[in-house]
Amino acid sequence: MKAGRIIVALLAGLIFGFGLALSGMMDPTRVQGFLDLGSIPDGRWDPSLGFVLGGAVVVAFLGVRLMGRLQHPVLDQSFHVPTNTKIDRPLVLGSILFGLGWGLGGFCPGPAVASLSLGLWPSVVFVIAMISGMLLHDTFIAKRAA
């Protein structure tokens with residue numbers, strides 16, 4: 001059972017990474033160009049990543065709907081999803097930090113980790129900063145909230 005979960009996780013990660021590479025989400029300048037709404041008036045804005053984001057929303061929506069119909073995942077005893085539905089200050093601040101990091105670095109977590117395979121220094125720096133932020137959160141904020 002455990003080997004099956006590892007194999008499925010590996011295949012899912014490979015498909016996800018392939019999709020990120022194919023869609024251009026691993027190119028930080030392309031992502032920053034998409035997020036730069038100020039470039040709309042002069043025609044430099046590339047809306048193509050909007051289709052990628054829209055596709056991700058559709059897949060996630062279908063996955064959540066399917067999850068509601070299942071007793072448990074095929075390879076686990078329960079679903080591991082957040083149970084907190086509050087929109088509170090930590091969520092809003094975390095979202096703002098995420099957006100700032102995405103806009104400044106041109107990466108979100110998945111593409112950043114996938115782009116490590118390209119060996120580019122910006123992705124290495126971004127992943128180190130991302131992991132540092134996660135550790136700081138777990139050390140100072142998550143313990144205080146528990």
*Is Phe126 reachable from Met134 through a run of hydrophobic residues whose side-chain heavy atoms are each under 4.5 Å from the next?*
yes

_Leu97 and Leu93: CA distance, side-chain angles, deciding distance, side chain to side chain contact (heavy atoms under 4.5 Å, CB included) verdict_ = CA-CA 6 Å; Leu97 285 173; Leu93 290 175; 5.5 Å; no

*If you group Ile, Leu, Val, Met, Phe, Trp and Tyr by side-chain heavy-atom gaps below 4.5 Å, do Trp121 and Val31 land in one group?*
no

*Could you grab the distance from atom CH2 of Trp45 to atom CG of Leu35, nearest 0.5 Å is fine?*
10.0 Å

Under 3.5 Å, which donor-acceptor pairs link side chains of residues 47-64 to any protein atom two or more places apart or in another chain?
unit_1 : atom_1 : unit_2 : atom_2 : d
Ser48  : OG     : Arg30  : NH2    : 2.6
Ser48  : OG     : Asp46  : OD1    : 2.9
Ser48  : OG     : Asp46  : OD2    : 3.1

*Report yes if the side chains of Leu14 and Leu10 come closer than 4.5 Å at any heavy-atom pair, otherwise no.*
yes

*asked:* Among residues at least two apart in sequence or on other chains, which ones pass side-chain contact (heavy atoms from CB on, under 4.5 Å) with Leu136?
replied: Phe140

*Interatomic distance, Cys108 atom SG to Leu20 atom CG [nearest 0.5 angstrom]*: 7.5 Å

_With rounding to the nearest 0.5 angstrom, report the CZ to CG distance, Phe34 to Asp27._
14.0 Å

_Any residue meeting side chain to side chain donor-acceptor pair (under 3.5 Å) with His72, in chain and number order, not counting sequence neighbours_ = none

*Which heavy atom of Ser123 sits nearest a heavy atom of Ser115, and at what distance?*
CB-OG, 2.9 Å

_Atom CD1 of Ile87 with >12 non-hydrogen neighbours under 6.0 angstrom_ = no

*Residues in side chain to side chain donor-acceptor pair (under 3.5 Å) with Ser132, at least two apart?*
none

_Point-to-point distance, once rounded to the nearest 0.5 Å, from OG of Ser95 to CH2 of Trp102_ = 12.0 Å

*Can you name the salt bridge (charged side-chain N to carboxylate O under 4.0 Å, His left out) partners of Asp42, sequence neighbours left out?*
Arg44

*Which pairs count as salt bridge (charged side-chain N to carboxylate O under 4.0 Å, His left out) when at least one residue sits in residues 79-93, sequence neighbours excluded?*
none

*For atom CZ of Phe79, is the number of surrounding heavy atoms from other residues, nucleotides or ligands below 6.0 Å larger than 12?*
yes

*asked:* How long is the straight-line distance from CZ of Phe107 back to CG of Leu120, given to the nearest 0.5 Å?
replied: 7.0 Å

_Same cluster (ILVMFWY, side-chain, under 4.5 Å), Val113 and Met26_ = no

*Cluster link Val81 to Leu70, ILVMFWY, side chain under 4.5 Å*: yes

*Is Val74 linked to Ile15 within one hydrophobic cluster, defined over Ile, Leu, Val, Met, Phe, Trp and Tyr using a side-chain heavy-atom separation of less than 4.5 Å?*
no

*Between CD1 of Ile6 and CG of Leu75, what distance do you get to the nearest 0.5 Å?*
11.0 Å

*Pro109 side chain near Phe98 side chain, heavy-atom distance below 4.5 Å*: yes

*Mind listing the closest non-hydrogen atom pair of Ser39 and Gly33 along with its distance?*
OG-O, 4.1 Å

